Amino acid sequence: MPLPTPRGKKPVALHTRVLRLVLSGLSYDALHGVGNFVLMLLLYRPLCRALQMAKKQLRV
């Protein structure tokens with residue numbers, strides 16, 4: 001059973017709707033990836049130092 005469409009508009013095929021949905025999320029995914037990369041550039045050394053100190057304290 002096809003999905004209802006507003007009056008006067010042609011129905012859109014399912015694969016077209018899926019493609020639109022995927023493409024609409026790409027900008028979020030790209031920004032999320034760039035944000036993670038920048039965050040790791042800023043926090044890599046302090047995080048490594050903190051983990052090394054914790055490792056020494058735990059004698060692992």
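Fair warning: this is a prediction, and the values are worked out from it, not measured in the lab.
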Output side-chain donor-acceptor pairs under 3.5 Å for residues 53-60, partner residues at least two apart or in another chain, one line each.
none

**Prompt:** Between atom NE2 of His15 and atom CZ of Arg20, what is the distance when rounded to the nearest 0.5 Å?
**Reply:**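 If we round to the nearest 0.5 Å, His15:NE2 and Arg20:CZ are 10.0 Å apart.
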
**Asked** What is the distance from atom CG of Leu31 to atom CG of Leu26, rounded to the nearest 0.5 Å?
**Response**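 One gets 11.0 Å once the value is rounded to the nearest 0.5 Å.
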
**Prompt:** Using a side-chain heavy atom cutoff under 4.5 Å and only I, L, V, M, F, W and Y, what cluster partners does Tyr28 have?
**Reply:**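 Besides Tyr28, the cluster holds no residue at all.
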
**Prompt:** side-chain contact (heavy atoms from CB on, under 4.5 Å) with Ser24: which residues, sequence neighbours excluded?
**Reply:**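 Applying side-chain contact (heavy atoms from CB on, under 4.5 Å) to Ser24 gives Leu21.
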
